[in-house]
Amino acid sequence: MPLPASRDITLIGAGLVGALLATLLAQRGFRVTVFERRPDPRVHGFLGGRSINLALAERGWHGLRVAGLTDAIAPIAVMMRGRRIHDAAGNTQLQRYGRDDSEVIWSVSRGQLNCTLLTAAQKAGATIHFGQRLEQIDWTGSRLQLHDDRDGCVRWHDAGVLLGTDGAGSALRQAMQATTDLGERLDSLGHGYKELEIPPLQQLPDAALTPALREAKARGEGFAMDPNALHIWPRGNYMCIALPNAEGSFTVTLFLPGTPINDGPAFSTLDTREAVQAFFARDFADAVPLMPDYLDDFTRNPTGLLATLYLERWHLDGRALLLGDAAHAIVPFHGQGMNCGFEDAVELADLLATDRGDTADVFAEFQRRRKPNSDAIAAMALDNYVEMRDRVDDPEYLLMRELERVLAARHPQRYLPRYSIVTFTRLPYAFARTRGEQQAQLLRELVRGKASLGEIDLAAADAAVAALAPLPAH
Ligand code: FAD
């Protein structure tokens, strides 16, 4: 199917990826119509359903930059320099992500980001219909069946070229799957998540605060913990993390197995307020006084499920293509799902704008370019869960990270930590994964049996790094 002369494109879903893609396509002269299930969040408030804030890294910033939106997002983004690790005794330590403040990630509110993107899409000329849920597709007549959540009516719309940005539970994917086998596989992680909140310091009662925090509150400070870090309480098979919000609060997320592993804690066993209280008092004692409502939040907030979605095919010839979470939902431990989806959006907008050939060929080319990369970040995100919850306080891991920093400084053309490749560059995720495996092997051999940096043979380390291919320009 060639792209229609009118350059009409229909998107399903105006979440983060859909709203950015609508902006980019409208900016390139396409006539974009978007159907979004939820009501307009700028009018009715944001009905999120998943993480309240997210980590934005270079790949995500690039998408915003291409759309001309960095100035709109920068004021609502809070810098996170590294991981601040909270040990069981309540001591904390910052592990920097990069060399300096040029290599950081940013915490942004999902709701504010989505609203900004929706406004940008409409400003660029996209038409967004809110409260319109895709129910099914008549592929023979090429028509969409939409349920209007405002009046309960069902409407039909000519499908044309369809792009699915309707997230992990994509209705478009289901409709495509009904007509052709997409080779879908959903790997459940077996762990879920629950969101809690640390309110702004000024809202915390004095009685809950340490003397130092009471003084900080009296000075008018906004945050109850270091605002410029992603906080982690690593506890082996589970962990809490906290990301700052611009107005002074933190969104805390508990990641925990659904059912017990080796008799450890699990969502299934935290079934009374007493059990939750005992669990938090034992494992997250320094956070408890900062979360006055955590017991109510725990009971009230849903437990989110975590899984990785793999599809062998992302498109139905030239009629429909999936991207973002609809094509490759991943677990959130590298903070890259949205970042990866924004990369998809830029790549697809460029391909559609420059390639005047058959849409089926454009979609096939998009999948050829993107799938190896989404597979790679899916695998690295799974690796990162083990790293965050179990390794960030392990001496061998810390020594490897220390050596890695030394090697990166000595050999900037040849050594870049995998985390940095993923987070601070736009080198393909597939490259990050392969290179990361080579580098991890090298580090493991160099630190074997060593307790400190001083014991490591730096000449041997230099020789090992010299054997790596030079890094591509980034
Ligand atoms: P979504 O954001 O899910 O948007 C889909 C949209 O489609 C929604 O607006 C929905 O209402 C709409 N829709 C759904 N069904 C229909 C229908 N039938 N008809 C019409 N509209 C429909 N990523 C990061 O980069 N950094 C992070 O730090 C990060 N943290 C995360 C933490 C958690 C706990 C989770 C769960 C995810 C996290 N992610 C993170 C991943 C990120 O949330 C997703 O990758 C991102 O939201 C994907 O965007 P999307 O637009 O593809 O899907």
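Ligands are counted one by one from 1 in listed order, and the atoms in each one are counted from 1 as well.
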Open item on the list: Using heavy-atom distances only, which candidate in Val17, Leu322, Val108 approaches atom 49 (O) of ligand 1 most closely?
Closed with: Val17
Open item on the list: So for Glu195, does at least one of its heavy atoms come nearer than 4.0 angstrom to any atom of ligand 1?
Closed with: no
TODO: Check side-chain contact (heavy atoms from CB on, under 4.5 Å) between Asp148 and all other residues, then give those that pass, not counting sequence neighbours.
DONE: Gln132, Arg150, Asp151, Arg155
TODO: For Gly337, take its heavy atoms, then give the atoms of ligand 1 lying under 4.0 Å from any of them.
DONE: 23 (N), 24 (C), 25 (O), 41 (C), 45 (O)
TODO: Find all atoms of ligand 1 within a distance of less than 4.0 Å from any non-hydrogen atom belonging to Gly13, and give their numbers and elements.
DONE: 7 (O), 12 (C), 21 (N)
- [ ] Taking atom types as modelled, find out whether Thr33 and Asp8 have a side-chain donor-acceptor pair closer than 3.5 angstrom.
- [x] no
Open item on the list: Please evaluate residues His315 and Phe366 with respect to the criterion ring pair (Phe, Tyr, Trp, His ring centres under 6.0 Å), reporting the C-alpha separation (whole Å), side-chain torsions for both, the decisive distance (0.1 Å), and the verdict.
Closed with: CA-CA 10 Å; His315 67 107; Phe366 174 77; 9.4 Å; no
Open item on the list: Pairs of nitrogen or oxygen atoms closer than 3.5 Å, one from Arg38 and one from ligand 1: do any exist?
Closed with: yes
Open item on the list: Check for me whether Arg433 meets the cation-pi criterion with Tyr429, that is, NZ or CZ under 6.0 Å from the six-membered ring centre and within 45 degrees of the ring axis.
Closed with: no
TODO: Report, in ascending order of atom number, the atoms of ligand 1 lying under 4.0 Å from any heavy atom of Thr165.
DONE: 5 (C), 6 (C), 7 (O)
- [ ] Establish, yes or no, whether a centroid distance under 6.0 Å links the rings of Phe279 and Phe298.
- [x] no
Open item on the list: I want to know if ligand 1 touches Ala55 in the polar sense, i.e. an N/O pair below 3.5 angstrom.
Closed with: yes
- [ ] Just let me know how Glu135 lines up against ligand 1, side chain, backbone, both or neither, with a heavy-atom cut-off below 4.0 Å.
- [x] neither
Task: Qualifying residue, where the test is side chain to side chain donor-acceptor pair (under 3.5 Å) with Glu343 and the options are Arg370, Arg426, Arg369, His62 - done: Arg370
- [ ] Go through the side-chain N and O atoms of Arg313 and Thr180 and say whether any donor and acceptor fall under 3.5 Å apart.
- [x] no
- [ ] Show which atoms of ligand 1 fall inside a sub-4.0 Å distance from at least one heavy-atom site of Gly324.
- [x] 52 (O)
- [ ] Any pair with a residue in residues 107-149 that passes ring-ring contact (aromatic ring centres under 6.0 Å, His included), sequence neighbours left out, goes on the list, sorted by first then second residue, please.
- [x] Phe35-His129
Task: Interfacing atoms of ligand 1 (cut-off 4.0 Å, heavy-atom, Gln132) - done: 19 (N), 20 (C)
Task: Phe280 ring center near Phe284 ring center (under 6.0 Å) - done: yes
Open item on the list: Salt bridge or not between Arg418 and Glu387? Use side-chain N to carboxylate O under 4.0 Å.
Closed with: no
Open item on the list: Side chain, backbone, both or neither: which applies to Phe35 and ligand 1 if a contact is any heavy-atom pair less than 4.0 Å apart?
Closed with: backbone
TODO: Please tell me if the side chains of Ile377 and Asn339 come closer than 4.5 Å, counting only heavy atoms from C-beta onward.
DONE: no
- [ ] Find all atoms of ligand 1 within a distance of less than 4.0 Å from any non-hydrogen atom belonging to Gly15, and give their numbers and elements.
- [x] 4 (O), 6 (C), 9 (O), 51 (O)
Open item on the list: Any carboxylate oxygen within less than 4.0 angstrom of a Lys/Arg side-chain nitrogen, looking at Arg28 and Asp350?
Closed with: yes
- [ ] Going by heavy-atom distance to atom 24 (C) of ligand 1, choose the closest among Gln174, Met338, Gln136.
- [x] Met338
Open item on the list: List ligand 1 atoms under 4.0 Å from Arg133, heavy atoms only on the residue side.
Closed with: 18 (N), 19 (N)
TODO: May I ask you to check if ligand 1 and Asn53 share an N or O to N or O distance below 3.5 Å?
DONE: no
- [ ] Provide the number and element of each atom of ligand 1 under 4.0 Å from a heavy atom of Ala171.
- [x] 18 (N)
Task: Any N/O pair Tyr193/ligand 1 closer than 3.5 Å - done: no
Open item on the list: So, regarding Gly335 and ligand 1 (criterion: nitrogen or oxygen to nitrogen or oxygen, under 3.5 Å), is there a contact or not?
Closed with: yes
- [ ] Tell me which one of Leu118, Leu54, Leu134, Val34 gets a heavy atom nearest to atom 17 (C) of ligand 1.
- [x] Leu134
Task: Part of Leu306 with heavy atoms under 4.0 Å of ligand 1, whether side chain, backbone, both or neither - done: neither
Open item on the list: Working note: His334 + Tyr419, criterion ring pair (Phe, Tyr, Trp, His ring centres under 6.0 Å); need CA distance, chi angles, decisive distance, verdict.
Closed with: CA-CA 9 Å; His334 221 307; Tyr419 184 89; 5.4 Å; yes
Open item on the list: Is Arg110 close enough to touch ligand 1? Criterion: a residue heavy atom under 4.0 Å from a ligand atom.
Closed with: yes
Task: Within-shell test, Asn339 vs ligand 1, heavy atom, strictly < 4.0 Å - done: yes
